[in-house]
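Hydrogens, waters and symmetry mates play no part in the numbers below; they use all other heavy atoms, side chains included.
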Amino acid sequence: MKLRKLFYTTLSTPEILDFRKTAMIYSFSWIFDGKNLYLVVSYNPVTIAKVSQIDHELKVEAYSEQKTITKSELSEKIEITLGLNEKIEEFYEKIREDPLLKYVPTALRGARLRSVDLWTGIVTAICQQNASFKQGWTMLYNLYRKTGRTFRVENHDVLILPTPNQVLEIKPDTLKECKLGYRSQTLVEVAKVLESGDLEEDPLYQDPYSAEKILKKIKGIGQYSARLTLVLSLREYALPPIDRWTTRLVQEAYGLESRSFKTVEKAIKTRWGKWAGLGVFFLTVVLDAVPLSKALLRLRKGELKPRADAKELTPLTLWKKL
DNA sequence: TGCCAGGCGGGGT
DNA sequence: ACCCCGCATGGC
């Protein structure tokens, strides 16, 4: 399906913005092509923004099945998606000397988190459960490729995930081909909940504690997945998603006696404050999301910058590989 | 082969 | 409250 161009607008950028890195991090090839970032702005009607940087502005072109969005609505959407209004210098101030994140303000200066919609966020989190980074991103890739829909923006194909309703229609064999294993049941659970309209979205946007509680009601969504979803889709950083990987790295870096959840959470909140969730996100980027044993070796050697030359699959090279 | 990986829920204390 | 186990699947 080819989308029609509606209009374009421009957006002024904050002083600290590295558009290229922001666009690259954890993006598949259909999201970033090396120059343009393709963002799903709406599912109904499907509307995609093509974003590129020209001098000190962002050029934002809207493509859609139907004209319903206005220039100001689009601008606001892009600002939120790219976190252009976040005072990232406050975060940098907190982590300037941090044993885990000290290179974020330099090596990744201006990189922001590219947020996604709630549904895409939950699906992403499910794929990260009890699997390596590589396996998790392969699962998500399979879902897009085998069950997603393609929309053409000029000469570029943009994939979007099936809607919850569409997930419930996928044949079991097709879902199995995506290699989610037992996680596919959770995917179906989430699709059912979103489709039923039972998910109370309002409290999700009010305080993070009730948001976490609401998401955890879904069978298969625990604390980690709930919090990761909040980070990825609502830019809610107060509650850090803590997994085995983060736990061990934080324990080692800060010399914690215990690696209990409470101890690790407290250490993270103390160091990174209200930016805790963003800190966990960037921790995976600076360590190229390598498996735990390798990550620990890198920490001991002080190799806490992402490898620019990486030939492997990393958060920064995903767009070239998948 | 066997074990582990950005978890999770259920059943045992 | 905790502790422990099984759960698909792929990679080593």
Side-chain angles (χ1 to χ4, degrees), chain A residues 25-26 100-101 113 116 120-143 145-147 170 172-190 192-193 212-233 236-237 239-253 258-268 272 276-299 306 311-316 318 321-322:
Chain A
I25 295 175
Y26 285 124
L100 286 169
L101 300 177
L113 181 151
V116 294
T120 304
I122 301 182
V123 176
T124 305
I126 292 169
C127 290
Q128 305 298 339
Q129 293 175 358
N130 194 28
S132 67
F133 157 83
K134 190 175 175 182
Q135 188 177 354
W137 284 87
T138 304
M139 289 178 214
L140 192 58
Y141 176 86
N142 292 340
L143 276 176
R145 284 286 183 206
K146 293 175 191 292
T147 72
I170 296 172
D173 288 352
T174 307
L175 197 53
K176 201 166 170 60
E177 284 174 16
C178 297
K179 307 293 182 188
L180 266 69
Y182 58 82
R183 299 167 196 83
S184 57
Q185 187 53 45
T186 304
L187 182 69
V188 171
E189 289 292 329
V190 171
K192 279 184 194 164
V193 171
E212 183 189 347
K213 202 185 287 181
I214 290 167
L215 292 175
K216 278 180 65 177
K217 282 185 197 158
I218 304 170
K219 190 172 175 182
I221 301 297
Q223 186 179 64
Y224 167 77
S225 300
R227 291 182 172 196
L228 183 56
T229 300
L230 295 178
V231 169
L232 296 179
S233 55
E236 174 52 73
Y237 306 141
L239 300 176
I242 297 174
D243 46 43
R244 296 189 291 228
W245 190 87
T246 304
T247 298
R248 291 285 286 114
L249 288 163
V250 165
Q251 184 196 21
E252 180 105 353
S258 156
R259 69 176 79 149
S260 72
F261 174 82
K262 279 290 169 201
T263 306
V264 173
E265 186 190 41
K266 192 175 175 192
I268 288 179
W272 306 339
L278 191 64
V280 173
F281 173 82
F282 276 116
L283 181 59
T284 70
V285 181
V286 295
L287 286 169
D288 296 314
V290 294
L292 181 58
S293 55
K294 287 185 181 170
L296 286 168
L297 290 177
R298 282 188 48 167
L299 170 59
K311 294 200 165 31
E312 308 77 40
L313 197 62
T314 78
L316 289 165
L318 200 56
K321 310 275 181 187
L322 292 177

A.B. asks: Counting C-beta onward and ignoring hydrogens, is there a side-chain heavy-atom pair between L180(A) and L143(A) closer than 4.5 Å?
C.D. replies: yes
A.B. asks: Under a 4.0 Å heavy-atom cut-off, which of residues 173-184 of chain A touch DNA chain C?
C.D. replies: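 K176(A), K179(A), G181(A), Y182(A), R183(A) - these, ordered by number, are the residues of the stretch whose heavy atoms sit under 4.0 Å from the strand.
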A.B. asks: Inspect the surroundings of NZ in K294(A) and state if more than 12 heavy atoms from other residues, nucleotides or ligands are less than 6.0 Å away.
C.D. replies: no
A.B. asks: To the nearest 0.5 Å, what is the distance between CD1 on I126(A) and CG on L140(A)?
C.D. replies: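 One finds 10.5 Å between CD1 of I126(A) and CG of L140(A).
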A.B. asks: Using the P atom in both, what is the distance from dC5(C) to dC3(B), to the nearest Å?
C.D. replies: 13 Å
A.B. asks: Roughly how many Å apart are dG2(B) and dG6(C), using the P atom of each and rounding to a whole number?
C.D. replies: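 After rounding to an integer number of Å, I get 14 Å for this pair.
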A.B. asks: If only atom types and distance count, is the side chain of S233(A) paired as donor or acceptor with the main-chain N or O of T229(A) below 3.5 Å?
C.D. replies: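 Pair found, side chain donor or acceptor close to backbone of T229(A).
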A.B. asks: Give, ordered by number, those residues of residues 130-141 of chain A having at least one heavy-atom distance below 4.0 Å to an atom of DNA chain B; if nothing qualifies, reply none.
C.D. replies: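 Within this stretch, N130(A), A131(A), S132(A), F133(A), Q135(A) sit under 4.0 Å of the strand.
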A.B. asks: Just how far is it from atom CD1 of I218(A) to atom CD1 of I122(A), taken to the nearest 0.5 Å?
C.D. replies: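 It is 5.0 Å, given to the nearest 0.5 Å.
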A.B. asks: For Q128(A) and for K216(A), find the nucleotide of DNA chain B with the closest heavy atom, then tell me which residue's nucleotide is more 5'.
C.D. replies: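 First, find each residue's nearest nucleotide; the 5'-ward one identifies Q128(A).
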A.B. asks: Please report the distance separating the C1' of dC2(C) from the corresponding atom of dG6(B), rounded so that it comes out in whole Å.
C.D. replies: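 Approximately 23 Å lies between the C1' atom of dC2(C) and that of dG6(B).
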A.B. asks: Just to be sure I understand the rule, does L292(A) reach a base, reach only the sugar-phosphate, or reach nothing, if contact means heavy atoms closer than 4.0 Å?
C.D. replies: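 The residue L292(A) makes sugar-phosphate contact but no base contact.
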A.B. asks: From D243(A) CG over to Q223(A) CD, what is the distance, rounded to the nearest 0.5 angstrom?
C.D. replies: 11.0 Å
A.B. asks: What does I126(A) touch in the nucleic acid at a heavy-atom separation under 4.0 angstrom: a base, only the sugar-phosphate, or nothing?
C.D. replies: nothing
A.B. asks: Across the strands shown, which category fits A125(A) at heavy-atom distances under 4.0 angstrom: base, sugar-phosphate, nothing?
C.D. replies: nothing
A.B. asks: Short question: side chain of Q251(A), backbone of T263(A) - any donor-acceptor pair under 3.5 Å?
C.D. replies: no
A.B. asks: Are any non-hydrogen side-chain atoms of L175(A) and L187(A) less than 4.5 angstrom apart?
C.D. replies: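 Of all side-chain heavy-atom pairs linking L187(A) with L175(A), at least one is under 4.5 Å.
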A.B. asks: Sequence neighbours left out, what passes side-chain contact (heavy atoms from CB on, under 4.5 Å) with K262(A)? Give chain and number order.
C.D. replies: S260(A), E265(A)
A.B. asks: Mark yes or no for whether R227(A), through its side chain, and G277(A), through its backbone, hold a donor-acceptor pair below 3.5 Å.
C.D. replies: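 The answer is no, because no donor-acceptor pair under 3.5 Å joins these two groups.
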A.B. asks: Using the heavy-atom set of chain A and a strict 4.0 Å cut-off, write down the first and last nucleotide of DNA chain B that makes it in, 5' to 3'.
C.D. replies: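 So the outermost contacting nucleotides come out as dA5(B) to dG10(B).
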A.B. asks: So does V290(A) get a backbone contact from the side chain of W245(A), meaning a donor-acceptor N/O pair under 3.5 Å?
C.D. replies: yes
A.B. asks: Given atom CG of L143(A) and atom C1' of dA8(C), what is their separation to the nearest angstrom?
C.D. replies: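 Whole-Å distance recorded here is 14 Å.
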A.B. asks: Under the rule for ring pair (Phe, Tyr, Trp, His ring centres under 6.0 Å), what residues qualify as partners of F281(A), not counting sequence neighbours?
C.D. replies: Y26(A)
A.B. asks: Polar atom pairs between nucleotides 3-6 of chain C and protein, under 3.5 Å, N or O only, would you list them?
C.D. replies:
none

A.B. asks: Using side-chain heavy atoms (C-beta onward) and a distance below 4.5 Å, is D288(A) in contact with E312(A)?
C.D. replies: no
A.B. asks: To the nearest 0.5 angstrom, please state how far the CG atom of L292(A) sits from the CZ atom of F133(A).
C.D. replies: 15.0 Å
A.B. asks: How would you label the contact of T186(A) with the nucleic acid (heavy atoms, under 4.0 Å): base, sugar-phosphate, or nothing?
C.D. replies: nothing
